[in-house]
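So the structure is just underneath, and the comments pick up after that.
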Protein chains: 2
Amino acid sequence: MSVSPSITDDQAIELADMFRLLGDPSRLRVVLTCLGAPICVSDIATLTRLSPSLVSHHLRLLRAARILRAERLGKQVFYTLADHHVRCTITDMVAHVAEPAETIDTDAADVNVAA
Amino acid sequence: MSVSPSITDDQAIELADMFRLLGDPSRLRVVLTCLGAPICVSDIATLTRLSPSLVSHHLRLLRAARILRAERLGKQVFYTLADHHVRCTITDMVAHVAEPAETIDTDAADVNVAA
DNA sequence: TCGTCATATGAACAGATCTTCAACTATGAG
DNA sequence: CTCATAGTTGAAGATCTGTTCATATGACGA
């Protein structure tokens, strides 16, 4: 039984799981760092000002959730968004919250539960 | 100093905060329940199969984060998404994760590191 | 007023989570 | 082989968070 139109409870759990991973400031910063070109662990650590160990722990979770993908190149391991869909999803979410609301109107005036 | 192109650390924290709230399955289901018409607490509790008390606790957090908005009507209190921007944001995020990935390919096939 | 329904709130507990530290593996250079 | 660099992993601890239970508040009807 779905709790809302057009989404199953299972999907809700999957959705919550992604949100939970992105819900930690440190981990989110790690993900944001990977939005551009593939980047190695020590660079992520430097940019985010987090310890390499902590970054690695976060990366493991993000990898397990298939949000990030790893690729070894010599001694270093480079991380990137797992695929195009994940990149779209995260980019859009970031844009939504970062922007002060732009294309708003379409149905701005509707159901208003009486006073 | 921003950790990624086009987003400040403050925005990242704000973003993480929203994700964190949406990252709990129960709380997410509460939010999803409010996507449609304004709905009262006991109905949310029924639909989500959560105790009224727990629902109320979650609603308080969601209200504080300005994700939901409350409106009293007699003995009942109805909840809705706080504003159109929040509705867009959440609707889009749900759509992104709910859909089985649409425009995927472009870079789907490539190296696989992990041994 | 009293009683009841609808919500809200506070305390308390169990379980999860972030972070650190130390130790470990893997790769490449000399 | 030995060493240094890059990353990973596990244990441990402090903190946070979700949930429940009991109690309180607010609103309406009798």
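These values consider heavy atoms only, across backbone and side chains, with no hydrogens, waters or symmetry-generated copies. Per chain, numbering begins at 1; letters A, B, ... match sequence-line order.
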Separation of [X] atom [atom1] from [N] atom [atom2], in whole Å?
X       : N      : atom1 : atom2 : answer
B/Arg20 : D/dC16 : CZ    : C1'   : 9 Å
B/Leu62 : C/dA8  : CG    : C1'   : 15 Å
A/Arg29 : C/dT19 : CZ    : C1'   : 13 Å
B/Gln76 : C/dC5  : CD    : P     : 13 Å
B/Glu71 : C/dT7  : CD    : C1'   : 16 Å
A/Asp43 : D/dA6  : CG    : C1'   : 11 Å
B/Leu59 : C/dT7  : CG    : C1'   : 10 Å
A/Asp24 : C/dA16 : CG    : P     : 17 Å

Is any side-chain heavy atom of A/Thr80 less than 4.5 Å from a side-chain heavy atom of A/Arg87?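 In contact.
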When you compare the side chain of B/Leu61 with that of B/Arg20, does any pair of heavy atoms fall below 4.5 Å?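 A side-chain contact is absent here, since even the closest heavy-atom pair is not under 4.5 Å.
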Tell me, yes or no, whether the heavy-atom count around B/Arg63 atom CZ, taken from other residues, nucleotides or ligands under 6.0 Å, exceeds 12.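 Yes, the 6.0 Å shell around CZ holds more than 12 heavy atoms from other groups.
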Quick check for you: to the nearest 0.5 Å, what is the distance between A/Ser53 atom OG and A/His58 atom NE2?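 If I round to the nearest 0.5 Å, the distance is 9.5 Å.
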Can you tell me how far CZ of B/Phe78 sits from CG of B/Leu68, rounded to the nearest 0.5 angstrom?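 If we round to the nearest 0.5 Å, B/Leu68:CG and B/Phe78:CZ are 14.5 Å apart.
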Remember a base hit wins even if backbone is also touched, and classify A/Ser56 as base, sugar-phosphate or nothing at under 4.0 Å, heavy atoms.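 Since a base atom lies under 4.0 Å of A/Ser56, the category is base.
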Which part of the nucleic acid, if any, lies within reach of A/Phe78 when heavy atoms closer than 4.0 Å are counted: base, sugar-phosphate only, or nothing?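 No contact.
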Counting just side-chain N and O atoms, does A/Tyr79 come under 4.0 Å of either OP1 or OP2 of D/dA6?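 Checking A/Tyr79 against D/dA6: no side-chain N or O falls below 4.0 Å of OP1 or OP2.
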Can you tell me if B/Arg27 touches the phosphate of D/dT17, counting only side-chain N or O atoms and a distance under 4.0 Å to OP1 or OP2?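 No, B/Arg27 has no side-chain N/O under 4.0 Å of OP1/OP2 on D/dT17.
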Side-chain donor/acceptor of B/Arg29 to backbone N/O of B/Thr48, under 3.5 Å: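 Pair found, side chain donor or acceptor close to backbone of B/Thr48.
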What are the two closest non-hydrogen atoms of B/Thr89 and A/His96, and how far apart are they?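 Looking at all heavy atoms of both residues, the shortest contact is OG1-ND1, 3.5 Å.
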Short heteroatom pairs, N/O only, protein and nucleotides 21-29 of chain C, under 3.5 Å:
| from | atom 1 | to | atom 2 | distance (Å) |
| --- | --- | --- | --- | --- |
| C/dC21 | N4 | A/Ser53 | OG | 2.8 |

State which of C/dT9, D/dG7, D/dT8 makes the closest approach to the side chain of B/Arg60.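 My answer, after comparing the listed nucleotides, is C/dT9.
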